Structure formats: structure tokens, C-alpha cells
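Here the structure is a predicted model, which is why all the values come from computation and not from measurement.
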Amino acid sequence: MSRFQVMTMTDAAAKRVREIVAGREGATGVRVGIKKGGCAGMEYTVDLVTEADPKDDHVEHDGAHVYVAPEAALFLLGTELDFEVTRLRTGFTFNNPNQTSACGCGESIELKPADLKALAEARGTV
């Protein structure tokens, strides 16, 4: 039986997380979350982690560690974290089934929370 993870990450995202951590002394991974802001109402956040919060959900892929802030878990359930390099943008992307819309520039999103019961069942706490 595989361990439940709130979200997943691609090989490209895992590689970028490992690069970020390798360049920062004391870093163990990155924390993803959400905050209010932007024209669509919410924005994704990505911050460096030097000490994991035991309340965070932990996602590991190929040696890369991502922590999901507890207040973001319902909004990020089922999300795939990716990393892309294009002519116009380089950065993490979020393929999120809970995203209902985004602003024109893509920096701000509108999210609906996932079903709390589905999250509890996936975690095996029901």
C-alpha cells in the first residue's frame, strides 16, 4: 500500500527542488501553500524550509522534499507540482483540479476547497 500524499510532483519539479536545497545551507525542502492576493483572489506560495513543521503534509519524490502547509491541504489535494522553462516564464506550475479560474497573467487563481471527507478518507482517518 502506498503512502497518501496530498499532492504529487513531476521529475522536473523534484530536480528543481533538489537544486534549490543544494544551494542553500540548512535547507531540507520547500513548503507550498496559498495566500489571499491577486486579482483572482489567491496565489500559490513556495518558501524554503530549514525545519519541517510536524503539521505539514510531506511529499517526497526522488529525494526532493515538499511540505504542504496545513491550511492549504484542502485547496491543493490532487495537485501535481511541475517545473517548466519557457521563453516567457521559468518556474513552478500547479496542475490543480481545485482551480476554478485564473487571471490573465496566471499569477493569481481562484480555488475551491476539496471535499473534506475525501481528504480524511485518503489519509485513512475516517
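Residue Asp57 holds its CG atom at 13.0 Å from NZ of Lys55, rounded to the nearest 0.5 Å. Rounded to the nearest 0.5 Å, atoms CG (Asn95) and CG (Asp82) are 8.5 Å apart. Put simply, CZ on Arg31 and OG1 on Thr45 are 9.0 Å apart, with the number rounded to the nearest 0.5 Å. To the nearest 0.5 Å, the span separating NE2 on His65 from CZ on Arg18 amounts to 10.0 Å. Here the CD atom belonging to Glu80 is positioned 11.0 Å from the CG atom belonging to Asn96, to the nearest 0.5 angstrom.
Criterion: ILVMFWY side-chain heavy atoms under 4.5 Å apart, direct or through other members. Under it, Val49 and Val17 are not part of a common hydrophobic cluster. By the criterion of side-chain heavy atoms lying less than 4.5 angstrom apart, applied directly or through intervening Ile, Leu, Val, Met, Phe, Trp or Tyr residues, Leu48 is not grouped with Tyr67; the two fall into different hydrophobic clusters. Clustering ILVMFWY residues whenever any of their side-chain heavy atoms sit less than 4.5 angstrom apart, transitively, puts Ile34 in the very cluster that holds Phe94.
Shortest non-hydrogen contact noted between Pro97 and Gly78 is CD-O, 3.5 Å. Of all heavy-atom pairs between Gly33 and Ala69, the closest is CA-CB, 4.4 Å. Scanning both residues, Ala64 and Ala14, for their nearest heavy atoms gives CB-O, 3.4 Å.
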Check: side-chain contact (heavy atoms from CB on, under 4.5 Å) between Asp56 and Val68: does it pass, once the steps are laid out?
Finding: CA-CA 5 Å; Asp56 288 348; Val68 180; 5.9 Å; no
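Using a 30° and 60° split on the angle between ring planes, Phe92 and Phe83 fall in the perpendicular class, above 60°.
When atom types are taken as modelled, the side chain of Arg24 and the backbone of Thr50 share no donor-acceptor pair closer than 3.5 angstrom.
Here the options are His61, Met7, Arg16, the test is side-chain contact (heavy atoms from CB on, under 4.5 Å), and the partner is Leu81; only Met7 passes.
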